[in-house]
Amino acid sequence: MSRKYNKFLSAAADFNLENSPYHWITQVHSQYRQNFDHALKKYGLNNSSRRLLLALKSKPHASISDLSDITICKMSTTTKIIYRLKEEGLVDTYCCENDGRITRVVLTDEGKQMTQKINDISLIILEKSFAGLTPLKIEKMLESLKHIFRNLAG
């Protein structure tokens, strides 16, 4: 392995957690989730429900399997969340006309209203998150994260 990455490795003699990119990725993600969970609590939602509702908004009439893939969540967990959201009146389910084994999910009017509330919260968290950063810096960060993802996935 190239020595150019040594300062980022925990095996390095002079390793400092502050230099670990993955430490900061997990710290940012954890803080983001905490902020969202706190804001969603008043609506009786959590981060998993938020992710599913937004996935469903972007892909209406998705199957539970599709939603599981989009949210990177186990199928059994996705199913539980979907049926909890259904009990709360935020989504509805129906059998696929072409294949009765497939359950499709759709937002109800109340679910659509909830996604708007989630988007309002998202804007507040986004503005707080990126205060002091220019749009160009944010775009560069996104490019870097996508590059790292492709490296890890490929």
Side-chain angles (χ1 to χ4, degrees), residues 8 10 17-154:
F8 306 112
S10 59
L17 195 56
E18 297 287 314
N19 292 332
S20 171
Y22 295 109
H23 167 74
W24 286 112
I25 289 170
T26 57
Q27 291 294 316
V28 168
H29 182 256
S30 178
Q31 191 61 56
Y32 172 79
R33 283 190 63 165
Q34 284 179 17
N35 287 5
F36 242 116
D37 281 341
H38 178 72
L40 291 171
K41 199 178 232 181
K42 67 181 174 185
Y43 299 114
L45 294 177
N46 60 25
N47 193 55
S48 298
S49 299
R50 173 192 68 86
R51 291 175 58 220
L52 274 168
L53 290 169
L54 292 179
L56 196 52
K57 182 177 186 210
S58 70
K59 189 169 182 178
H61 304 276
S63 69
I64 293 177
S65 177
D66 289 339
L67 293 169
S68 180
D69 290 344
I70 292 168
T71 60
I72 312 169
C73 193
K74 290 181 182 177
M75 180 78 107
S76 60
T77 304
T78 302
T79 302
K80 286 178 193 175
I81 296 167
I82 291 296
Y83 282 96
R84 190 179 73 236
L85 291 172
K86 185 175 180 175
E87 287 175 14
E88 295 170 6
L90 299 174
V91 302
D92 205 356
T93 60
Y94 64 94
C95 285
C96 178
E97 291 178 12
N98 301 333
D99 188 342
R101 299 170 296 173
I102 298 174
T103 301
R104 299 222 174 260
V105 187
V106 63
L107 287 170
T108 62
D109 288 340
E110 191 175 335
K112 290 174 185 174
Q113 291 172 11
M114 185 59 72
T115 61
Q116 185 55 53
K117 290 175 186 173
I118 291 168
N119 286 334
D120 293 344
I121 295 168
S122 294
L123 178 60
I124 293 166
I125 292 174
L126 184 78
E127 287 177 343
K128 181 178 180 180
S129 299
F130 296 125
L133 294 174
T134 65
L136 181 60
K137 284 185 178 181
I138 296 167
E139 287 173 19
K140 292 285 187 192
M141 177 191 62
L142 286 172
E143 286 176 27
S144 296
L145 289 170
K146 288 175 187 177
H147 184 94
I148 293 166
F149 177 82
R150 286 190 298 271
N151 286 347
L152 290 171

May I ask you to check whether over 12 heavy atoms, not counting those of E18, lie within 6.0 Å of atom CD?
yes
Strictly distance-based, threshold 3.5 Å: is any side-chain N or O of S30 a donor or acceptor partner for the main-chain N or O of Q27?
no
Residues two or more places apart in sequence or in another chain: which of them pass ring-ring contact (aromatic ring centres under 6.0 Å, His included) with H61?
Y94
Nearest 0.5 angstrom please: I138 CD1 to K140 NZ, how far?
13.5 Å
Might you confirm whether atom CD1 of I72 has over 12 heavy atoms from other residues, nucleotides or ligands at distances under 6.0 Å?
no
Going by the rule side chain to side chain contact (heavy atoms under 4.5 Å, CB included), which residues pair with M75 if we only count those two or more places apart in sequence or in a different chain?
I64, S65, S68, T79
Residues that D120 engages under side chain to side chain donor-acceptor pair (under 3.5 Å), provided they are two or more places apart:
Q116
Heavy atoms of G100 and C95 approach each other most closely as O-SG, 4.0 Å
Taking the side chain as everything from C-beta on, heavy atoms only, tell me whether L145 gets closer than 4.5 Å to I25.
yes
Interatomic distance, N119 atom CG to L53 atom CG [nearest 0.5 angstrom]
10.5 Å
When rounded to the nearest 0.5 angstrom, what is the spacing between CG in L54 and CG in L107?
9.0 Å
Check salt bridge (Lys or Arg N to Asp or Glu O under 4.0 Å) between K137 and all other residues, then give those that pass, not counting sequence neighbours.
none
Residue set satisfying salt bridge (Lys or Arg N to Asp or Glu O under 4.0 Å) with D92, at least two apart, ordered chain then number -> K86
Using the test side chain to side chain contact (heavy atoms under 4.5 Å, CB included), find all partners of I125 that sit at least two apart in sequence or belong to another chain.
Y32, N35, F36, I121, S129
Can you give me every donor-acceptor pair (side chain of residues 41-49, partner residue at least two apart or in another chain, under 3.5 Å) with its distance?
unit_1 : atom_1 : unit_2 : atom_2 : d
N46    : OD1    : S48    : N      : 3.1
N46    : OD1    : S49    : N      : 2.9
N46    : OD1    : S49    : OG     : 3.1
N47    : OD1    : R50    : NE     : 2.9
N47    : OD1    : R50    : NH2    : 2.8
S49    : OG     : R84    : NH2    : 2.7

Quick one: list whatever passes side chain to side chain contact (heavy atoms under 4.5 Å, CB included) with I148, sequence neighbours left out.
Y22, L152
Tightest non-hydrogen contact, residues C73 and T78, listed as CB-OG1, 3.6 Å
Only pairs at least two apart or in different chains count here, so list each ring pair (Phe, Tyr, Trp, His ring centres under 6.0 Å) that has a residue in residues 134-154.
none
So which pairs with a foot in residues 98-110 pass salt bridge (Lys or Arg N to Asp or Glu O under 4.0 Å), sequence neighbours left out?
D99-R101
List for me each residue that meets side chain to side chain contact (heavy atoms under 4.5 Å, CB included) alongside S76, sequence neighbours excluded, and say none if there are none.
K74
Rounded to the nearest 0.5 Å, how far does CE of M114 lie from OG1 of T108?
9.5 Å
Search all heavy atoms of L56 against all heavy atoms of V106 and return the closest pair with its distance.
CD2-C, 3.8 Å
I need the full list of ring pair (Phe, Tyr, Trp, His ring centres under 6.0 Å) pairs touching residues 117-139, with sequence neighbours left out, sorted by first then second residue.
none
From CA spacing to verdict: side-chain contact (heavy atoms from CB on, under 4.5 Å), I118, K57
CA-CA 11 Å; I118 291 168; K57 182 177 186 210; over 6 Å; no
Spacing of NZ belonging to K112 relative to NZ belonging to K117, to within rounding of 0.5 Å:
15.5 Å
